[in-house]
A.B. asks: 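Next up is a structure, given as structure tokens.
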Amino acid sequence: MDSYIVSSPPQIAVPVQGGGLFPVRRVYCVGRNYAAHAREMGGNPEREPPFFFTKPADALVTGGADTPYPPATETLHHEVELVLAIGTGGADISPAAALGHVFGYAVGLDLTRRDLQEQAKAARQPWDMAKGFDASGPIGAITPAAAIGHIAAGRITLRVNGQARQSGDLRDMIWPVPEIIAALSRLVRLAPGDLIFTGTPDGVGPVQRGDMLRGEVDGVGFVETRIS
Ligand code: MN
């Protein structure tokens with residue numbers, strides 16, 4: 001039996017409301033899932049459907065820890081999102097069966113180096129360094145669906161230093177939760193431990209060192225982090 005020749009990476013996990021840890025396998029994200037945000041990014045939601053990208057699992061920031069301001073950007077943007085925690089895997093999941101695969105829900109921040117993203121879009125390059133950098137995914141505790149039911153509507157908000165920046169409603173998602181799971185599971189096999197960031201409403205904007213960010217989704221919970 002061969003042994004590892006460098007130290008083994010730790011299992012990334014997100015605390016669960018009421019106790020326990022959700023071990024994270026992969027982190028998927030939906031792009032442009034709210035029409036008003038697609039338009040503020042210069043897109044046309046009538047013509048371009050939502051799509052997927054990813055973050056590394058170890059980009060998550062948990063437990064209300066500080067988020068270090070990343071290198072190589074002067075435009076770090078907040079995007080508050082509902083996050084799905086997959087408890088049961090599968091491929092080619094139907095929308096009707098999709099909610100049965102959801103263990104619970106959380107609130108997350110899809111932090112974005114907007115300047116690098118704009119450069120990548122212009123050069124037709126991938127978004128990884130704009131979206132998947134270290135500490136790019138602060139996330140609050142996961143609330144089990146067994147405790148709160150499944151979430152299809154409700155206010156989603158982001159405050160910076162107590163001031164409202166983003167305010168939307170989950171019912172304005174272009175792909176609602178069952179459609180997201182169905183679409184993603186046609187592209188990749190989902191497995192327990194997968195997280196899916198479901199896209200942000202409009203009102204995204206820059207944050208600075210020292211800012212306190214608080215994202216909330218009614219009936220789900222919150223995420224809080226300070227940019228350090
Ligand atoms: Mn996003």
Side-chain angles (χ1 to χ4, degrees), residues 14 24 26-45 48-57 59-62 67 70 73 75-86 105-121 125-140 142 151 154-160 165-177 179-181 183-184 187-188 194-207 211 213-217 220-225 227:
V14 178
V24 180
R26 294 181 182 171
V27 180
Y28 295 101
C29 304
V30 182
R32 298 194 195 118
N33 200 25
Y34 291 77
H37 171 64
R39 283 192 288 270
E40 79 178 346
M41 289 290 100
N44 178 348
E48 307 157 85
F51 56 90
F52 296 101
F53 59 92
T54 64
K55 291 179 187 281
L60 297 172
V61 177
T62 60
T67 299
T73 184
T75 319
L76 179 65
H77 270 203
H78 56 75
E79 299 190 356
V80 64
E81 313 202 355
L82 175 72
V83 181
L84 316 179
I86 298 296
Y105 298 88
V107 186
L109 302 177
D110 169 19
L111 295 178
T112 303
R113 286 160 160 163
R114 196 70 74 197
D115 44 2
L116 296 198
Q117 187 193 31
E118 294 304 328
Q119 290 167 24
K121 284 181 186 175
Q125 291 173 349
W127 288 7
D128 301 53
M129 293 302 111
K131 290 289 199 178
F133 53 90
D134 296 341
S136 58
I139 186 170
I142 293 169
I151 304 296
R155 289 208 77 66
I156 176 169
T157 60
L158 182 97
R159 290 176 175 274
V160 178
R165 290 279 190 88
Q166 290 187 265
S167 179
D169 196 291
L170 300 178
R171 67 168 60 85
D172 293 330
M173 286 187 189
I174 296 170
W175 284 346
V177 169
E179 298 292 336
I180 291 170
I181 293 168
L184 184 56
L187 294 166
V188 290
D194 289 346
L195 296 176
I196 307 172
F197 283 59
T198 59
T200 195
D202 62 329
V204 303
V207 295
D211 283 348
L213 279 57
R214 183 179 170 93
E216 293 185 36
V217 174
V220 172
F222 67 93
V223 58
E224 211 164 46
T225 190
I227 307 297

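Treat the numbers as computed from the prediction; the structure is a model and nothing was measured. Counting convention: from 1, in listed order, for ligands and their atoms alike. Residue numbers start at 1 and run along the sequence shown.
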A.B. asks: Taking the side chain as everything from C-beta on, heavy atoms only, tell me whether I139 gets closer than 4.5 Å to L195.
C.D. replies: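 In short, these two side chains touch, coming nearer than 4.5 Å.
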A.B. asks: Could you grab the protein N, O or S atoms closer than 2.8 Å to the Mn ion (ligand 1) for me?
C.D. replies: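 Metal shell, protein only: E79 OE1, E81 OE2, D110 OD2.
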A.B. asks: So do R114 and E79 actually touch side chain to side chain, heavy atoms under 4.5 Å?
C.D. replies: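 They are in side-chain contact.
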A.B. asks: With heavy-atom distances below 4.5 Å as the criterion, would you say the side chains of H78 and D211 are in contact?
C.D. replies: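 Counting from C-beta outward, H78 and D211 never come under 4.5 Å.
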A.B. asks: Report yes if the side chains of Y105 and I142 come closer than 4.5 Å at any heavy-atom pair, otherwise no.
C.D. replies: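 Sidechains of I142 and Y105: no contact.
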A.B. asks: Where does the angle between the aromatic ring planes of W127 and F51 fall among parallel (under 30°), tilted (30 to 60°) and perpendicular (over 60°)?
C.D. replies: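 Because their plane-to-plane angle is over 60°, the rings of W127 and F51 count as perpendicular.
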A.B. asks: Are K55 and D110 ion-paired here, with the side-chain N under 4.0 Å from a carboxylate O?
C.D. replies: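 Yes, K55 and D110 are salt-bridged.
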